Structure formats: structure tokens, C-alpha cells
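Read through the structure below, which is laid out as C-alpha cells, and then see the notes.
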Number of protein chains: 4
Amino acid sequence: MTADRDELIARYRTVRARTEALAAPLVPEDQQLQAMPAASPTKWHRAHTTWFFETFVLAPRGVAPVEPAWAVLFNSYYEAVGPRVARGKRGLLGRPTADEIGRYRLIVDGRVIELLAGADAAALAALAPLIELGLAHEEQHQELIVTDIVAAFAEHPLRPAYRGPIAPAPRQGAAAWLELAGGEVTIGAPADGFAFDNEHPRHRVLLAPYALSTRLVTWAELDAFVDAGGYATPSWWLSDGLDWVRAHHVDAPGYARRDGGRWLVFGPGGEREVGGDEPVLFLSYYEADAIARFLGARLPTEAEWEHAARGPLAGRHGVAWEWTSSAYAPYPGYRAGAGALGEYNGKFMVNQLVLRGGSIATPPGHVRPSYRNFWPPDTRFQLSGLRLARDLEVRR
Amino acid sequence: MTADRDELIARYRTVRARTEALAAPLVPEDQQLQAMPAASPTKWHRAHTTWFFETFVLAPRGVAPVEPAWAVLFNSYYEAVGPRVARGKRGLLGRPTADEIGRYRLIVDGRVIELLAGADAAALAALAPLIELGLAHEEQHQELIVTDIVAAFAEHPLRPAYRGPIAPAPRQGAAAWLELAGGEVTIGAPADGFAFDNEHPRHRVLLAPYALSTRLVTWAELDAFVDAGGYATPSWWLSDGLDWVRAHHVDAPGYARRDGGRWLVFGPGGEREVGGDEPVLFLSYYEADAIARFLGARLPTEAEWEHAARGPLAGRHGVAWEWTSSAYAPYPGYRAGAGALGEYNGKFMVNQLVLRGGSIATPPGHVRPSYRNFWPPDTRFQLSGLRLARDLEVRR
Amino acid sequence: MTADRDELIARYRTVRARTEALAAPLVPEDQQLQAMPAASPTKWHRAHTTWFFETFVLAPRGVAPVEPAWAVLFNSYYEAVGPRVARGKRGLLGRPTADEIGRYRLIVDGRVIELLAGADAAALAALAPLIELGLAHEEQHQELIVTDIVAAFAEHPLRPAYRGPIAPAPRQGAAAWLELAGGEVTIGAPADGFAFDNEHPRHRVLLAPYALSTRLVTWAELDAFVDAGGYATPSWWLSDGLDWVRAHHVDAPGYARRDGGRWLVFGPGGEREVGGDEPVLFLSYYEADAIARFLGARLPTEAEWEHAARGPLAGRHGVAWEWTSSAYAPYPGYRAGAGALGEYNGKFMVNQLVLRGGSIATPPGHVRPSYRNFWPPDTRFQLSGLRLARDLEVRR
Amino acid sequence: MTADRDELIARYRTVRARTEALAAPLVPEDQQLQAMPAASPTKWHRAHTTWFFETFVLAPRGVAPVEPAWAVLFNSYYEAVGPRVARGKRGLLGRPTADEIGRYRLIVDGRVIELLAGADAAALAALAPLIELGLAHEEQHQELIVTDIVAAFAEHPLRPAYRGPIAPAPRQGAAAWLELAGGEVTIGAPADGFAFDNEHPRHRVLLAPYALSTRLVTWAELDAFVDAGGYATPSWWLSDGLDWVRAHHVDAPGYARRDGGRWLVFGPGGEREVGGDEPVLFLSYYEADAIARFLGARLPTEAEWEHAARGPLAGRHGVAWEWTSSAYAPYPGYRAGAGALGEYNGKFMVNQLVLRGGSIATPPGHVRPSYRNFWPPDTRFQLSGLRLARDLEVRR
């Protein structure tokens, strides 16, 4: 039990420190920027993740908030918790300052660790899942810190580079098809180990035989799509996708431009030329779906992806989020939790598509086969690409 | 074979005549109205369904169009066929007139029947599925003629009544739960008989045990939702649904208002008071989902619905379209057809939810267990309601 | 007095008949079209002008309306009279039909003429100015019948031609400068003769010496502007104008396109090639202002225009409305009338610019030196052009 | 000449220092905020005014910019100078930081003073009007620093207070009417002394006899308007004003709320209760016009205002900007300057109304009788109120 406690405290310190490390290269002005309603200022992410611990861990145990008036500022979307600042107006919260938020984080850290350190076994058992949830939540925001500051820097004519602690992506190997027999398979998170509620319940589904590519679609493959006039050819596109392409004059992935024969892409680290075999990034679902169709394939369903990830795909993902063709929906028998935490996932289950895998900005421990990321189909500021799938003939 | 030919010609004449019967009560001015981009003028429906036969039946057989310049006017969305009028501007097509469209229909009818009458067996075999598709397509537009003119009349301060040949809905019986064991079941259209491509391929899915209500949710149940402040209580709503309710100040189903203790609803036939046990109509998906949650249940998936419709639910639907929780997506192994007709269904498979069943405005032969209707979740001008579903405990 | 009465009745019949003559070439479907919120369906113009006589002439004299329920349909903007259909939804009023509106007009005509025929001298004296106002109002709508149906037909891919009773524009003579000494001059309508309230009070203004062109700017001059890249050169444009040009991708006047070396313009009569010395039409204020600046001149003020129109410009205008640089504002000492009719002009005196003169669609008797037309600066569907003005050096 | 030089340098230093004093109470995060496209971040104002001296004073004299890449960031609207960041995206310029901008200001200050100190008489004579223009320009931005940070703080749920060096407004005296005979009067800036180009040329206008109130309309008078249902009574409003009130649910001036019998207004210094005889602030033109009409009066024209300000109104204004009924337009004979500086005023002369006077946030030396401020009619974030005017009967 002591080991568990120490481990929990150690993990808490590690995750919380990583957030600050991600923010460290950013001056207060950078941390204030909000490029669009779907992105948030760095400093807001730092404060919101802290508010989460205050609200769901400390407050129920009688610990008064550091600054009660801040609740309205740092509540993201919990209707049950009270009012909040409109999502698109987070960039107008000049106060508290980045520095004050740093102090806020330290104070809350002290209180949480004090709580954990002094908890008896029963209290610790009750606390552990909440802490795990809070840390998983914070890890989600760590990825957003990266994508959101890139979105902000992309708006700056001088294109400043974000230089946080993100490792470069490993090279992809050659493309090959992994063949899977399908049948009745199990997806969803196992009973043990942390998982979000939307990964439950574990359940069985029927899959027809299918194949998945060993690697993500590359910039070289995108070249072929662009050269063939893919962005302007209706037959590759979903109807809504075509409307979107035309309305926004889209002719390349987000943050990307073709300069002669090479692709220049703005991302973490600034603008750089990408090699042809690197995975395409910053794709909307509409583009991913059209590119797959152009390449004679399709997107996988999330069940196909997860089943493969527990088999031959294991260790072959995590470079970019992979759009699936699955709408984000509750698993059979899904129940949202009670109270405010029940709002965590369930209420977003419409108008979004599931992405699987993870990206170079995803915290390492955060990648798992059952993990479900989700975004609306026109989203382009995430580190999102695609992997091809195709049906296999049924062997008789 | 002769019988088939005669049957086909007879069915062609019946369906085509029904369209004109639906339009008959409407003066030329009525037929010009377009209440919103998603709705079309009556006369446009009459012309577009005719253009469909010209383009996909007559033209490939060398029959020149009645008026070549009209192609741009009456193409709905077939990118492969050529340019077209923007959907929201169909109401600006004053010419051809309603009367000219009537003549256009008669000329095309003559040509189609001539073609069918003179076809040899091989030609007839090739023609039959195209005719069937064209008639099924026209039946879809027959329902839209009703919903779209109701949408237009609803905008008129004097609320004119549409008095087309629509039978009143039968009374619903008492509510009860139909229990289904689930397991591995088959859904999708069988190989024989007409079905749209999106109903194929027939395939097997796994279902957990579940129950469906014998009847649709009623105005009396809506009363309870409204009385409990349902439209303003966040916990019942999907996040996008809550945004939608607030942005549009929604506090009742479409075309409905509560006057004292009774509900007055505008629909085919004009405004009338609805009995408490009649099914709620004109609901968006957001409302259907919220009402189901309020009533302690959930929406069925489309597989649950279809499986039940081949069993205990048979004959117990068809009064109102029923929202399911299933996003509109291709069935495993789905292939869109080649050429322009391949655009019929596949390219709409995003951002929409499936509705099952049928309504009082659905042509009788058009209702079948595998039929998939689909609309975006904020749609309220269709004859759409909901049926409750719930999980059954697994019996061990 | 009898002469006056007969004259008034004759004028009533003439004006009312001209409205019907303008609508005569249009089928019921045409009369239903509304291209944009600022334009109205033909049949609405026919009904609204009739409602005006019912409301302001007949009703105060105890004559009940033909159809009381129609008041809400045909009130344009009189807040004091009651509720009304939103301007942009007039195209959704399928009922009453064009034919029913024809009957409505005849009934009201009969009632008005009966009233005039039977009025004693005092009653007639009170009626005459109301009848004059109603007829002047109807003449305004006669011009709108033309511009609004052109706006609707311009949306039709087959571009039907409006063939109403409109005379072609006379040829313009050579360009020359009319020099005017300015000084203290009088503008505004004289006490006798009909004028709208916004033409009063007649008052004195100071003008510096100025010159006006004898003719309107021509398509040949527009050629020079376009060839010089005028639509894309910021220095010619007002800031709001430049934003407007860019947002709407404007590169030619409304309904106009350059095909090789010639201008093709869609207007009354359909699309036709315009001669180089014909006046440019369908210009926004932004374009008129930019073209004047490009040509080394400026737009006149309305006082400059009116003063010239009582002098050397007399008889040299009336082909196209001429944008002035004057914002539409009350004259010194202006008082809006009491009651609903007081809403006729005054409440529109912001965000609009004055146009002077008249067009080929303006009823002949409707052109007078003091007449003030007004539209927002981005308006392009009126028959609007420009005449150049410039400052003259003060001679000492 | 030495005196002039010293005076010029002294004035340069004073104005530049005042900008920094206004920004001093604001942390870097505050200085980053942009509440709406029409408002700019504090730090952007500080940099843009510095860029102005670099571009129009130093660059033409061969002084290279401190950081050439910043031109695109701090150009406001000068098309002739090159590209620029969209107005609404200034808040996304995290870099350079507030601190870097402070250094930028000091470097440019050093260069300007060096230039002035070393200029010979001819060079100084050429420089002086540019410096004066640059300082007048900076004073305009000083007022915007105040209004724009108030707009940003107003969006913050905790409503931080701006505590810059702004003196409280003096108390207003009792209301009385100042009567003016009118006649032919002169308005516009005299030949000597600094003025913007839009204040020229000085010219004569004719005025009818009129009266102006000695004081601005007060919160007590607004009470009467609100109590009478003024915000919901169409007869007081311009048509566009009524549309605006309804679309934005306006029922009080900007930043103001009525709490029981008292008015609480958020402004510089935070929220405070205002005394009944203080002038109403944060009014749009639409409100000012409606309130004047409700009070049985009207807004003055700018000529009436200016003529009075050179007479009995002298010393009785400067507490709040006063809406006039005059559209912002060029004076007769107006010529915009050549080159980029010619864009300073002329290109904004449409869709705006003139305000006269000045506010508590206006730099003291910046108030003069001929000064013309201008904003679109729906603007509410300026310190804008109104003064009543009325016509006087002509005495014969």
C-alpha cells in the first residue's frame, strides 16, 4: 500500500511537472493566445487542469479553493458545476497572470500531495481513481497545449517556433498490408488499469476479414493526390467534405504548403520540409476519407483498428492520430458516471468521428489500444493523419 | 415476362400519378415556395423526379431530353452529371411554370412507357432495376413534397392547410416493452426485392439483450418533459444539443405550441390539437435523445430496430420516422455504384443520423425493415419522433 | 373643382393601370420570386400598394378592409400599424395568389373611385393629398417591380427576359463640363405641387463654384477603369468599399460581364451588348466613388445636383439614378408627419446615400429636381450610375 | 528656432511618455487582449504609434527600421505601405513581447530626438509637421488604449479595474439652452496650428437659428427614457437602430446596468454608481438619436456644434464625445494628402457619424472646436454621449 501511495504521488508529480515543462518555453504573452474557440491559451490549460483537482479531489474533502472567484474562469464545460466563461473568450482572461497561475499550481500540488500523504488506506483507495482521472485529463491537455500554441503561432506572420520537449517522430518503414481474419472479437478497455468511461464496457463485435496498412499515408502519397487534382475532384469526396473544401478554398493539409516539389509544414519546431515517407499531418476527416478513396482503400473502423492494435499493429502506431470511419458513439451498455464527472465524455457523442492511436505530442503512457480520441470532421489543427484499410475477400 | 412488363408499367403509372395527386391541391404560387435550403418547391420535386428518368433511363438509350437547357435546373446533386442550381436557390426558378412541368412529366411518361412497351426481354431486364430505382426515388420525393410544403405554409402568418391525399395516423395502443434476446443477428436488405445500395450488404451483427417500446413517445410524455423544465436542463442534453437549444430558443417540437394544457401542432391538414397518446412529431435528434434520457431510456440503434422490425415490431411502425442512435455510415463491405448513380447514397455518410420506420407521408410500399432514412441532428421539419429502448440485464 | 376631381380620378386610374401593365408579362410563378431581402415579389408590390390605399385612405373613412387578415402580409414597415411579415420572407407568401391580388386591386379601386366621386369639396380637399401620396408611393413601387424582377431573373441560369413597357434610353451626347458659380442657393421642394416630406423644408445652402458633366459616366470610361486594374487598386477606394470589393470578389458592375472587348449587361429586356457611350448601370456607391476618383473627379453633393437641375442640367437627366456624395439626412427644420405616415421617410435617415435624377424605369412624372432617392452604399440592383463633378477655382 | 526645436523635442517626449504612463498599470497579459476587431491590444497601440514615426519620419530620411520584419505587424491600414495583419488578429501577435516593445519605443525615441537635435532649419521645418502629425496620431491612440482595455476588462467575469492616469470628470451644471442666431458662419480649422486634413478647408455654411443645451444628457434623463419603455418603443428609433436594438437585445448603454433605482457603469476605474446628473456614456448613435427624439429635441449638426464651440459652448465640453447628426464626409474642396499619409482620414468617409468634443480619456491638448471624431453608428465602446439641440423659430 505504501508503494502504491508513493507511486501515485510520484506519478502526480511527474505529470504535473511535464505540463510546466511544456509551458516553459512560452513567455506570458504566448500563453495568452487563443487562435480559435476550439483552442485554448496555454495558461488556461495550466489553470483548468489545476481547477480539476481542486473541484473533484480537494473540494469534496472540505478543502476550500485557493481563489473561489476563479471557478467561473477555469471550468471548461461542466454544467453541473456552475457558470463559466464562453469557450471562445478564454483568450480575454488576462488575469490571473501566467505567473499567478504558476503559484496556483504549486499551492494545489502541495494540498493534493498532503492529502495523499495523509490518507488512510480506505481514503487512498477512494482517491486513487480520481487522481488517475485527473492526471489522464491533464495529459489530454498536454497534447492540447502543443496543438493550440501551434495554431496560435501559425497565425503570426513571422511564424515563431514552439520548442517544447517533444521528440521527433521515428521513421516509418515500408508499406505492407497486415491481414486480419476478423470474426467475433473483443474491444474496449479491460477491467483493470485506468481507462476513460467511453472505453467501457468491453464488448464483442463481429468483424469481416480486413487488412490494414503497416504505415500511415505519406506526403509522397499526398503528392499523387494533389497532382491528380484530388482537392478539386468531386468523386473522391463526401458531399459535406466537398462543400467544406470549396467554402474554405482548401488545397493542402493544415499548416502545409507545396513549394516546388517539396512540402513545407508548420508544426511544433516551426516550419520544416517533410520527407516523402513521413506521415501526412493536420488532415480533416474529410481529407482523410477522400485520400483513402483516391488510394483505392478506405478508413478502418475503430473496432478494426483496436483489434489490430492488440495484435500485429502493436507498436506500429503513435506517430499521428488516425481518423477512423466510426462516429463517436456510446458502446453498448455505456453508462455515464453520476454527477459532474459524468459530463466527461458522454455528452459529446454526436457530430464527431473517432481517432485512434496517438501522436508525437501525446504523453507516452497515454497511448493504449482502447483509447478513443474524437473531433468534428472539419478539424485540422490536431496531429491527425490516416492509415488505409481494405476488405479481404472471404475465403471459403 | 409480359406480366412483369405490365406490372412494371402499371407501377410506373401509379407512382407517377401519385406525385401529381399530391401536388394537385397546390396552386402555382404554392408550388414555387422554398422555405429553406433543405426544402424544395413542389414543382421542383415534380421536375427533378422526371429529369431523373430522362437522365438515367432515356438518355443512355439515345432519347434526347425534352428541353436540354433544363438539366442545370433539375439536377439535384449529381456532380458527375454537370453543373446545377445551388440548393437554396431552387425557389428562384420561376420558369418553367408548374403547368409546363406538368406537360414535361406527361411527355417523359409517354417516352418511358413507349420504351418499356417495346423493350425485348434483355432490354427489359436491364431497364427494370433502373425504373425501380427511379420510382423509389420518386417516392422519397413524394414524402418531401409533403414536408416541404408544410415547412412553407408554416412560414405564412395565416397558416394555410395542405390538403393532399394523406390518411390520418392510426391510434397507438398502450405502451409495453418488447424484449429481445439479441445475439448474432442479420440486418440489411435480402438479395431479392428492391432496396437502395445503402441497405446492402446484408451482414451479421452482435446485439446484447434489449427492449423496445411498443409505441412511440407521446405528447403526454412530452408534457412531462416540458413540465420538468426539460428544454432548459443541461443534464438531459448532448453538448451540441444544448448549444442548439439555446441558440434557437427551442422550447417545443417544430410547428408545435402549448396552449394551456393542450398541444396545437401545425402539419399536413393545418393546425390541430393532438391527443396525448399520439406520437410526438417534428423532433430533432437532439430533442429525441434528450427526451429518451429524461424518460430513463435511450434511443435504439438501427440494428436493434431492424432486428425487432423483422419480429415483434412488425406492423407496429410507420406512423412517424424514428430517430436511432446510429450515425449514417456504410455497412461493412459497402460499395457505391459506378457512375453518377453511385452518388445516390454513399457521399452523404457523415454528419447524419439514421431514422427508421416511416411516416403517414411515406408511400405505403416504401416502408420496409431495412430502409435507412437519414438527416442531420438539428432537422425538425420531417415527421420524426422516437421510440424508447433500454438494455436488458443478461440472464445467466 | 369638378375638373380637379376628374383629374384626380384619371390620374388614379392611370397610375394604377400602369402597375398592372408592368406585371402583365409575368406569370404567377414569376410574380412570386424574391431574389433577396431588399427585393420583393411583383405580386407583393401589387398588393402592398393597394393595402396602402386601404389603410391610409379607406380605413380612416370607415371602409372595412377587403380581407382584414391580409394587413399583416402587406404592411411593409409601418410599426404603428401593427405586425408584419419579415421583409426577407415575402417570397413565402404563396397566398393570396396573383389572380386574387388582381381582384383585390379592382375592388379597392372601385371603392376609392366611389369615395372620390362622392366626396364633397371639403372631403375632396382632404383626400387629394392622401391620394397623391398613395400614387407617388405606387410609382416608387413601379420602379421596384422592374428592378426586383430583374434581380430574380438574374438568378435564373437561363436568364429569362423581362419585357415590360419600358422605353429604351436615349443616346447621350458628348461630354462637356457645365460650370456653376454656386453661392447661396435654394434647394428643396417648393410649397406647391406634390413632394415627399424629405424634400422639405425648402432652404438655402452655400455652394462653392463647381462643374458637373453633361453626361453620365459611360461603359467606355469603365473600360479604362477596369483596364487600369481599378477594381484591385486600393488607392481609388474608400476603406469600406475595398473591404466590400474583396469580400464579394467584385470586378464588374452588377449583372455585367466583359466578353472580349465588349460589355454584356443583363437588365430589363434580358442580356444585351451596351454601346460605349451608354451610361454605366448597376453600380454601388463604392464603385461610383472609386470610378469618379479614378477619372480625376468626384461625385456631386445633392445640393450641387439639385441646383444644377434647376438650371443647365434640366432635361439632361433621368436615364440612370446618380449617386451623390450626400448622406441621406433630414433637411434643416425637417419634421416627420404624425401617425404612421410619419414613418414614410424619416426613419431611414442613416446609413444611406442620396441618389438623384431617375432612370428609364422611373415613371415619367416621378422625376423632379428635388426628388431624393436613397440606398445603402453596397446596393447594386438599382439602375444606378454616376455623373462627375469637380471644384472650380474661385475667380477673384 | 532653437526654442521651437526644444519645444518640439519636449512635446515629443511628453506625449510619448504619456503613452507609457497609460500602459504602466497593465501587466503583459493585459496588454495582449483584444476584445473585438475594432479594439486593439495595448501593446499593439504602443508599437503601432512607434512604427508610425519609423515609417513616416525616419525611413524617408534613410534610417533603417529597428526590425524590418515588424512592418507587417504594426501597419494599421496603410495600403500603400504594404501588407498587414488583419485587424481582428492583432491579439494573436504574442511576439514581440510588451517588454520588447518598450525597448523598441526607446530606440525609436532616441533616433527621432537625434534627428530633431541635428536638423538644420530647413530640415526642421520639414520635420515639424510630420512630428506634430505623429504626436496627434499617438494622442488618438492614447484614448484608444483606455477604451480598448476597458472593452477587454468588461469581458472578464471578475471585471478588473483599469487604473491609469485619468482625471475624474467635473460635475455638470444645471441644464439651460444656449440660443444661437445662425446665419452664415465659418467652420473648419484655421490656417495656423495643427489640425488633421479632415478639418480643412475652412469654409462657410448657412445655419438656421438653433439652441444647444449647456450640458450633456444625464443618467437621470436616461432613467425617464428607460422607464417609458424607450428601448422597446419603435417610434423613437431610426429603422436601422430598431433592428440593431432587437438583434442585440439592447436595453441599456454599453457597460451599464440598472440595479434598483441606480445605474452601475463599468468604465476606467472599474464599476461604479453614477450620479443622476453625470453624462450618459457608452451610447451608440442609434441610442443617442432615439433619446434626443424622446426628449423632444434632436442631435446637433457638426456645424452647429462647432459654431457654438467657438462661442457660448467654449469650455463646456470635453467630458464625453458628443454624437452629431452629421455623416462623416469631406468638407467642400477637401483634398487628401499624397502618398500613404493621404490614407489618414479620407478613405473612412462613409458609413460613419461625426462626434465632437472630447472625453475624460482625450489628451488635454487634443480637444479643439474643429476636431472631428467619427465612428459607425452601432459603436458603444467609446466614451460617447449626447447634447440636445433644437430649432429656434425664425424671428421676423
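Please read these numbers as outputs of a predicted model, since none were measured by experiment. In what follows, chains are A, B, ... by sequence order, proteins preceding strands, each numbered from 1. Values below: every heavy atom of this structure, side chains too, minus hydrogens, waters and symmetry copies.
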Where D/E79 and C/L242 come nearest, the two heavy atoms and their spacing:
OE2-CD2, 3.1 Å
Hey, are C/R335 and D/D391 close enough for a salt bridge, meaning a charged N less than 4.0 Å from a carboxylate O?
yes
A side-chain contact here means heavy atoms from C-beta on lying under 4.5 Å apart; do C/L206 and D/L206 qualify?
yes
Between D/G333, D/A329, D/A327, which has the largest tally of heavy atom pairs under 4.5 Å with chain C?
D/G333
Point-to-point distance, once rounded to the nearest 0.5 Å, from CG of D/N351 to CD of C/Q352
10.5 Å
Examine whether an atom of C/E184 lies under 4.5 Å from a heavy atom of chain D, and if so say whether it belongs to the side chain, the backbone or both; otherwise answer neither.
side chain
Against chain D, label C/V350 side chain, backbone, both or neither, depending on which of its atoms sit under 4.5 Å from a heavy atom there.
both
Looking at CG of C/D243 and CZ of D/R87, how far apart are the two atoms once the value is rounded to the nearest 0.5 Å?
9.5 Å
Which atoms of C/Y285 approach chain D - backbone, side chain, both or neither, heavy atom under 4.5 Å
side chain
Select one option (side chain, backbone, both, neither) describing which atoms of D/L353 are under 4.5 Å from chain C's heavy atoms.
side chain
Largest heavy-atom contact set with chain D, pairs under 4.5 Å, which of C/G342, C/P377, C/G241, C/S239:
C/S239
In terms of heavy-atom proximity below 4.5 Å to chain D, should C/Y286 be classed as side chain, backbone, both, or neither?
side chain
